[in-house]
Peer 1: 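Please read through the structure below; I'll follow up with questions.
We count residues from 1, following the sequence as given. None of these values were measured; they are calculated from a predicted model.
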Amino acid sequence: MTNQAVAELIARSNRLGSDPKNTNYAGGNTSAKGTETDPVTGEPVELLWVKGSGGDLGTLKESGLAMLRLDRMRQLVDVYPGVEREDEMVAAFDYCLHGKGGAAPSIDTAMHGLVDAAHVDHLHPDSGIAIATAVDGEELTAKIFGDKVVWVPWRRPGFQLGLDIAKIKADNPQAIGCILGGHGITAWGDTSEESEANSLEIIRTAEAYIAEHSKPEPFGAVLEGYSALPDDERRAKAAALAPTLRSIASFDKPMVGHFTDDERVLEFLSGSEHPRLAELGTSCPDHFLRTKVKPLVLDLPASAAVEDCINRLRELHEAYRADYQAYYERHATPDSPAIRGADPLIILVPGVGMFSYGKDKQTARVAGEFYLNAINVMRGAEGLSTYQPIDESEKFKIEYWALEEAKLQRMPKPKPLATRIALVTGAASGIGKAIAVRLAAEGACVVIADLDAGKAQAAAEEIGSSDVAVGLAADVTDEAAVQAAVDATLLAFGGIDIVINNAGLSLSKALLDTTVADWDLQHNVMAKGSFLVSRAAAKALIEQKLGGDIVYISSKNSLFAGPNNIAYSATKADQAHQVRLLAAELGEHGVKVNGINPDGVVRGSGIFAGGWGAKRAAVYGVPEEELGKYYASRTLLKREVLPENVANAVFVLCSADLSHTTGLHIPVDAGVAAAFLR
């Protein structure tokens with residue numbers, strides 16, 4: 001049975017964490033103190049439950065709490081070796097744990113355990129951080145809150161900060177919480193309800209004060225030419241720039257991207273003060289750990305041509321890398337972790353929006369959300385005063401903190417296709433859907449393109465959230481629709497790495513029964529469609545400078561000559577030769593082009609379900625429901641080919657195991673001797 005204090009803590013945490021005004025994703029922590037029976041002694045024991053390292057308040061469950069014996073944790077005060085060695089205390093928390101399981105204690109555990117209150121909340125609200133990062137934050141805190149909220153000068157999270165806040169609580173019995181300079185807020189209460197109410201009072205009071213007293217243009221006057229472009233023009237320019245921006249963010253290691261044209265970002269970039277503010281960087285530790293200390297900002301107006309923007313962005317990237325390397329060298333010590341890459345994680349384009357990057361889509365999206373938090377903070381601080389984040393040296397101490405490095409090293413090994421972005425055509429069912437499922441399972445982000453938008457979206461939802469898969473409508477015979485699908489891929493995930501030309505259909509007819517319309521339809525979908533998709537994607541693949549894979553789902557019929565199948569087999573032969581031609585042309589850009597020749601994939605196939613199966617069954621003189629068995633019986637291995645078998649081959653072609661293979665066709669037909677490659 002869940003302890004009442006724990007139940008209240010989880011409910012409070014979820015309420016606070018579900019509102020971005022209160023704290024950012026995975027930011028902040030909450031705690032409760034209470035009593036349980038020690039299973040060893042049978043005696044009551046005082047415990048501390050606190051959100052564990054890396055958890056998110058909005059989705060926190062009991063398993064995400066660290067549970068510590070309060071008496072042992074407080075005894076650490078007697079052995080605390082001082083601020084120069086306070087990192088050692090995190091390891092000491094492990095010796096205070098109670099029971100089995102639970103999350104790892106976070107660096108903020110001391111704050112919660114040492115403060116003499118049954119419930120404690122530490123949050124990162126934009127309004128609170130705006131006060132915390134104002135140059136006169138201490139004076140503002142007193143002016144806004146009187147003696148109910150106490151100012152705490154900047155101190156890196158850790159045991160000493162816990163001691164400081166505990167003393168403030170003891171010395172100020174009238175106080176409900178603190179503003180932590182450069183960082184956030186902490187509040188407390190004798191009950192869960194009181195702690196939550198105190199947290200919200202601090203947040204809402206700060207919000208109201210900022211709203212009432214802020215200057216009208218906290219980001220300065222609007223710069224001529226820097227206002228937001230019209231919607232369609234803005235997103236078209238974002239898609240045109242996306243491959244270049246991803247190449248910039250991925251110079252050291254591949255990244256997945258996220259794009260937002262949130263009006264608050266566009267407002268920030270239109271103001272005359274945005275270059276100064278962006279250069280100052282973020283302040284809250286949770287912010288710059290995910291965004292780097294500052295973004296790369298394009299210093300051209302919204303009206304600048306795409307080509308001019310690309311050229312300038314590449315110049316700015318060189319300068320950014322040199323600046324970041326110098327930042328690292330200014331502050332690194334012999335014990336510092338190695339530099340983690342000098343590329344920006346946030347790129348801002350006036351009139352267009354913000355591109356953020358990370359090891360996966362969720363990380364990239366959250367990085368963007370954190371920089372939006374930083375923009376909100378700067379708006380509040382500048383509206384009341386002057387924004388002044390913590391010192392660069394302090395940022396470095398946190399960014400390259402040994403404890404943060406240890407957390408990174410504990411992360412699970414990435415999946416084989418992590419950071420890769422795939423566009424799969426005809427993917428709402430059959431072979432295409434199986435391919436999308438397999439690529440996503442191996443770590444890729446997947447865009448499912450299909451004629452039927454509803455089915456494409458449903459297939460994507462089956463795979464996972466929009467951080468993993470999205471579905472969209474795409475007619476591969478339409479040049480504009482194909483470009484729109486590629487652009488949508490670039491905006492959804494920041495780039496494109498894998499292209500699967502799978503869209504297809506078939507009409508089984510003898511030569512004399514095949515009409516020109518039959519011929520044109522099949523060639524338009526498969527031969528022309530594959531060409532259009534490959535051409536649109538290749539432009540982005542080349543600009544990204546990350547290589548890539550194009551895979552054609554051709555057919556055994558590209559080699560095998562059978563009756564009543566001229567249009568389908570001829571267009572499959574066209575696709576097969578496109579593989580060879582593109583492999584020869586795109587190899588110098590690191591793009592591999594390969595094909596797969598399936599046969600007899602009946603189960604789940606949209607082609608077979610659409611009448612093709614019945615016609616092929618008639619040709620072979622078998623009942624349609626036994627067509628799969630018939631195909632299997634004529635193979636060397638006597639095995640029916642399933643969509644998943646084709647998906648397996650696609651994965652192998654796109655994996656590192658075949659990094660040196662291009663221009664290859666892999667048969668997935670259970671062995672059809674007449675279709676052997678020669």
Side-chain angles (χ1 to χ4, degrees), residues 242-256 310 314 416-425 435 439 442-447 476 479 482-483 485-486 489-490 493-503 526-555 558-559 571-598 646-668 676-678:
T244 301
L245 297 177
R246 188 173 183 224
S247 74
I248 287 171
S250 301
F251 186 84
D252 285 321
K253 57 184 176 181
M255 292 283 183
V256 176
I310 288 173
R314 295 214 175 276
L417 299 183
T419 74
R420 306 201 73 195
I421 300 154
L423 170 64
V424 187
T425 65
I435 292 169
L439 295 179
E442 299 294 347
C445 300
V446 179
V447 174
V476 297
E479 182 178 3
V482 167
Q483 187 62 56
V486 171
T489 302
L490 297 173
F493 296 114
I496 189 168
D497 301 292
I498 297 171
V499 179
I500 311 297
N501 280 310
N502 172 73
M526 291 177 282
K528 178 184 174 184
S530 295
F531 153 71
L532 290 175
V533 171
S534 295
R535 187 183 64 172
K539 182 179 180 182
L541 289 169
I542 292 168
E543 179 63 20
Q544 286 178 153
K545 306 181 188 301
L546 295 172
D549 284 278
I550 300 176
V551 180
Y552 281 66
I553 307 303
S554 185
S555 170
S558 66
L559 298 165
T571 197
K572 284 299 179 182
D574 185 316
Q575 283 188 307
H577 199 47
Q578 284 187 38
V579 168
R580 293 182 279 268
L581 294 167
L582 295 188
E585 183 172 342
L586 298 178
E588 66 178 287
H589 303 289
V591 178
K592 297 153 47 213
V593 187
N594 294 291
I596 294 174
N597 292 340
V646 182
N648 294 342
V650 169
F651 165 65
V652 172
L653 282 172
C654 297
S655 74
D657 289 346
L658 288 186
S659 61
H660 291 58
T661 299
T662 191
L664 173 69
H665 277 278
I666 297 180
V668 184
F676 281 177
L677 293 166
R678 294 177 176 84

Peer 1: Among Ile500, Val579, Thr662, Val499, which one satisfies side-chain contact (heavy atoms from CB on, under 4.5 Å) with Ile550?
Peer 2: Val499

Peer 1: Kindly compute the distance separating CG (Leu532) from CD (Glu479), expressed to the nearest 0.5 Å.
Peer 2: 6.0 Å

Peer 1: Does the side chain of Ile498 reach to within under 4.5 Å of the side chain of Leu423, using non-hydrogen atoms?
Peer 2: no

Peer 1: Supply the atom-to-atom distance Ser530 OG to Gln575 CD, rounded to the nearest 0.5 angstrom.
Peer 2: 3.5 Å

Peer 1: How long is the gap from OG on Ser555 to CE on Met526, to the nearest 0.5 Å?
Peer 2: 9.0 Å

Peer 1: List the atom of Arg314, the atom of Ile248, and the distance in Å for their closest heavy-atom pair.
Peer 2: NH1-CG1, 4.2 Å

Peer 1: Less than 4.5 Å apart, side chain to side chain, heavy atoms only: is that true for Val256 and Cys445?
Peer 2: yes

Peer 1: Test your reading of the model: is there a side-chain donor-acceptor pair from Thr425 to the backbone of Ala503, 3.5 Å cut-off?
Peer 2: yes

Peer 1: Mind listing the closest non-hydrogen atom pair of Ala536 and Val482 along with its distance?
Peer 2: CB-CG1, 4.0 Å

Peer 1: What is the minimum heavy-atom distance between Thr244 and Glu543, and which atoms define it?
Peer 2: OG1-OE2, 2.5 Å

Peer 1: Keeping Ser554 on the side-chain end and Lys572 on the backbone end, is there a donor-acceptor pair under 3.5 Å?
Peer 2: yes

Peer 1: Against Asp549, only a single residue in Ser659, Cys654, Ser655 fulfils side-chain contact (heavy atoms from CB on, under 4.5 Å); can you say which?
Peer 2: Cys654

Peer 1: To the nearest 0.5 angstrom, please state how far the CG atom of Leu541 sits from the OG atom of Ser534.
Peer 2: 9.5 Å

Peer 1: Against Val668, only a single residue in Val646, Val650, Asn597 fulfils side-chain contact (heavy atoms from CB on, under 4.5 Å); can you say which?
Peer 2: Val646

Peer 1: Hey, are the side chains of Thr419 and Met255 touching, using non-hydrogen atoms and a 4.5 Å cut-off?
Peer 2: no

Peer 1: Contact between Leu582 and Tyr552 at the side-chain level, heavy atoms closer than 4.5 Å - yes or no?
Peer 2: yes

Peer 1: When rounded to the nearest 0.5 angstrom, what is the spacing between CG in Leu677 and NE2 in His665?
Peer 2: 7.5 Å

Peer 1: Check whether Lys545 reaches the backbone of Ser250 with its side chain - one donor and one acceptor, N or O, closer than 3.5 Å.
Peer 2: no

Peer 1: Thinking salt bridges, do Asp497 and Arg246 make one under a 4.0 Å N-O criterion?
Peer 2: yes

Peer 1: Answer whether the closest heavy-atom distance between the side chains of Glu442 and Arg420 falls below 4.5 Å.
Peer 2: no

Peer 1: Could you pull out the closest heavy-atom pair between Gln544 and Gly495, with the gap in Å?
Peer 2: OE1-CA, 3.1 Å

Peer 1: Is the shortest heavy-atom distance from the side chain of Leu417 to the side chain of Phe651 under 4.5 Å?
Peer 2: yes

Peer 1: Do Val551 and Ile596 come within less than 4.5 Å of each other through their side chains, counting heavy atoms only?
Peer 2: yes

Peer 1: Judged by atom type as modelled, is there a donor-acceptor pair below 3.5 Å linking the side chain of Asp574 to the main-chain atoms of Ala527?
Peer 2: no

Peer 1: Taking 4.0 angstrom as the limit, do Arg535 and Glu585 come out as a salt bridge?
Peer 2: no

Peer 1: Donor-acceptor check, side chain of Asn594 to backbone of Leu653, threshold 3.5 angstrom: yes or no?
Peer 2: no

